[in-house]
K.L.:
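Sharing a structure, written as structure tokens. Questions coming.
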Number of protein chains: 2
Amino acid sequence: MIATIPGVWAPVVTPFAADLAPDGERFVMHCRWIAEQGAGLVAFGTTSEANSLSVTERLGLLERLLDAGVDRSRVIAGTGSCALPDAIAATAQAVELGCAGALMLPPFYYKGVSDEGLYRYYATVIDRVADPRMRLYLYHIPPVAQVAISAGLIERLLKNYPEITAGIKDSSGDWNNTRTLLDAFRGSGFRVFVGSEAFLLGSLREGGAGCITATANINARAIRRLIDDWRGAEAQALQARIDGVRETIQRYPLIAAVKQVLAHWRNDPDWARVRPPLVELDPRKTSELLQELAARGFELEGNRGPGAGGS
Amino acid sequence: MIATIPGVWAPVVTPFAADLAPDGERFVMHCRWIAEQGAGLVAFGTTSEANSLSVTERLGLLERLLDAGVDRSRVIAGTGSCALPDAIAATAQAVELGCAGALMLPPFYYKGVSDEGLYRYYATVIDRVADPRMRLYLYHIPPVAQVAISAGLIERLLKNYPEITAGIKDSSGDWNNTRTLLDAFRGSGFRVFVGSEAFLLGSLREGGAGCITATANINARAIRRLIDDWRGAEAQALQARIDGVRETIQRYPLIAAVKQVLAHWRNDPDWARVRPPLVELDPRKTSELLQELAARGFELEGNRGPGAGGS
């Protein structure tokens with residue numbers, strides 16, 4: 001079973017039309033192209049502007065994606081929400097549709113909430129979804145959500161829902177936190193994904209499951225290569241190569257930057273659009289970003305994707 | 001027109017049934033009782049656990065409240081949401097139903113967003129609602145939302161939407177911020193409400209519009225008295241009296257504490273219930289809270305409300 005779960009997942013960016021409605025056609029096209037690079041699809045993560053979408057919009061995009069014939073065992077749906085009924089509805093739908101898992105943010109409006117409150121939130125979702133096929137991936141991203149997932153909370157969920165509590169995306173950006181999780185849950189089957197490929201090789205060596213990373217929207221193939229060869233002689237070089245891309249792009253607002261790269265590759269300015277409160281990367285910064293990526297030797301090699309003749 | 005807007009507003013707590021569904025009957029009863037105390041009703045603010053409710057649940061409660069015959073000119077609907085379409089739908093509904101205003105959080109998932117992005121968010125909501133009756137109250141609560149409303153953002157909204165940009169709830173807890181806003185917008189008609197009655201008298205003396213405060217769920221009458229007599233000789237004593245209640249209750253988790261006071265007064269344990277990620281105040285702390293309130297001389301005097309024979 002574990003072998004069938006990809007080691008690299010892209011939280012797929014969500015394209016928007018001029019009226020800011022989600023663009024289902026470009027969405028499906030992009031997802032298919034990422035799947036061809038060997039990555040799994042997370043619809044909808046932070047990079048997807050998921051919390052800027054209504055539950056109805058997310059439902060519509062997920063159905064459209066699966067109707068297009070994408071392999072459901074390689075799709076994780078982001079279903080976390082501040083509102084319990086929204087989280088329940090989205091998770092139930094993801095399970096019903098046969099997705100590989102539900103990636104769930106903690107409810108992120110109230111700050112300083114207790115582990116007891118967070119446990120009740122997740123337990124209530126699991127109890128109401130009431131489907132043994134549910135696979136819960138916790139989403140730890142304190143720099144954004146400002147609400148953290150503790151090891152104690154994971155232990156309690158694993159104890160009471162051992163089959164359902166499947167793993168975590170650790171986007172703390174803190175290797176000490178990742179290592180603590182890897183040590184604590186080694187051998188349990190609980191999967192620890194890092195939220196940046198910067199920690200990929202290090203985490204794989206400690207029993208990590210891989211990464212779920214924004215840059216997999218533009219660099220999935222190279223990241224996948226490291227996943228496949230991480231025990232090989234080239235592993236450090238492969239890590240250095242993907243690090244270069246990551247370091248460059250994360251000097252810019254990440255989501256807007258990823259979208260501008262796609263807009264450039266595909267010669268399709270619609271890809272650059274974001275929903276408020278985000279703003280597009282301006283032309284000057286976009287030009288700088290593209291020049292820096294080129295200087296890093298970021299080759300396209302199949303990265304261009306559909307519509308640009310490069311895939 | 002200004003005189004018809006109440007000076008004290010309660011962000012009304014939302015009662016939940018045993019299955020955690022919103023309890024419309026208790027909600028309407030509580031709202032009516034607060035209105036009788038002379039306060040306006042904010043459905044749905046932070047104290048209302050608004051972000052723990054789905055858009056559909058909020059819609060249902062608001063319709064039920066207005067169907068019950070509550071004065072719409074004394075109802076402000078909380079309509080902010082991370083997702084633009086949710087904010088648009090909820091705001092359009094509030095305007096359509098004749099509410100006095102829409103209290104809008106900034107989109108609060110992404111942190112470190114620009115004023116340009118926040119401006120686009122609010123401007124898009126205003127443009128899409130496209131109704132000259134809309135009255136926007138910005139909701140500045142950086143300790144919780146972690147996304148702030150700057151004076152520059154307000155200026156830009158006031159310039160481009162002078163009729164619609166009606167005011168702000170300043171829940172920064174920072175008197176310097178409130179005074180800056182009062183100075184900046186004095187004489188413009190832009191209303192500055194404080195988010196705690198601790199700043200009520202000070203803000204009224206500087207041209208403030210009043211307060212929108214959690215404790216108005218249990219202490220509206222006393223707060224209203226200060227609003228009515230703030231130029232009188234007793235003003236400082238009235239301020240000191242409401243300060244005592246505020247200081248006591250805010251040593252506890254505020255929402256859970258307010259609900260326990262209502263549960264106690266009404267001899268109705270259902271009132272104590274909160275939705276995850278919040279947790280109820282435990283019996284020991286509840287007992288401490290009630291004793292401290294009593295020691296402060298917090299008299300009930302009509303505060304008990306319906307169901308306890310005290311109103």
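Below, read A as the first sequence line, B as the second, and so on, with proteins coming before strands; counting in each chain starts at 1. Side chains are part of it too, since the values below use all heavy atoms of this structure and drop only hydrogens, waters and symmetry mates.
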K.L.:
Check whether more than 12 heavy atoms from other residues, nucleotides or ligands sit under 6.0 Å from atom CD of Glu96(A), and answer yes or no.
P.N.:
no

K.L.:
Among Val144(A), Asp86(A), Val113(A), single out the residue with the greatest number of heavy-atom pairs under 4.5 Å to chain B.
P.N.:
Val144(A)

K.L.:
Is there a side-chain contact between Cys82(B) and Arg275(A) (heavy atoms, below 4.5 Å)?
P.N.:
no

K.L.:
Under a 4.5 Å cutoff for heavy-atom pairs, which residue among Ala87(B), Gly117(B), Pro277(B) has the most contacts with chain A?
P.N.:
Pro277(B)

K.L.:
Could you give me the CA-CA distance, side-chain angles and deciding distance for Arg120(A) and Leu20(B), then say whether side-chain contact (heavy atoms from CB on, under 4.5 Å) is met?
P.N.:
CA-CA 12 Å; Arg120(A) 287 187 195 179; Leu20(B) 295 179; over 6 Å; no

K.L.:
So what's closer than 4.5 Å to chain A heavy atoms on Pro143(B): side chain, backbone, both or neither?
P.N.:
backbone

K.L.:
Between Ala83(B), Ala21(B), Pro107(B), Ser114(B), who has the most heavy-atom pairs with chain A when the cutoff is under 4.5 Å?
P.N.:
Ala83(B)

K.L.:
Considering only heavy atoms, which portion of Ile141(A) lies under 4.5 Å from any heavy atom of chain B: side chain, backbone, both, or neither?
P.N.:
side chain

K.L.:
Using a heavy-atom cutoff of under 4.5 Å, enumerate the residues of residues 43-50 of chain B that contact chain A, numbered in order, or state 'none'.
P.N.:
Thr46(B), Glu49(B), Ala50(B)

K.L.:
State, to 0.1 Å, how close Glu57(B) and Pro85(A) come at their nearest heavy-atom pair, and which atoms those are.
P.N.:
OE1-CG, 3.4 Å

K.L.:
Highest number of heavy-atom pairs under 4.5 Å with chain A: which of Ser81(B), Pro253(B), Ala145(B)?
P.N.:
Ala145(B)

K.L.:
Measure across Asp19(A) and Arg128(B) and return the closest heavy-atom pair with its distance rounded to 0.1 Å.
P.N.:
O-NH2, 3.0 Å

K.L.:
Side chains of Pro276(A) and Leu84(B): does their closest heavy-atom pair fall under 4.5 Å?
P.N.:
yes

K.L.:
Select, from Tyr119(A), Tyr122(A), Tyr110(A), Tyr109(A), the one with the greatest count of heavy-atom pairs under 4.5 Å involving chain B.
P.N.:
Tyr109(A)

K.L.:
Please indicate whether Glu63(A) has more than 12 foreign heavy atoms, meaning atoms of other residues, nucleotides or ligands, lying under 6.0 Å from its CD.
P.N.:
yes

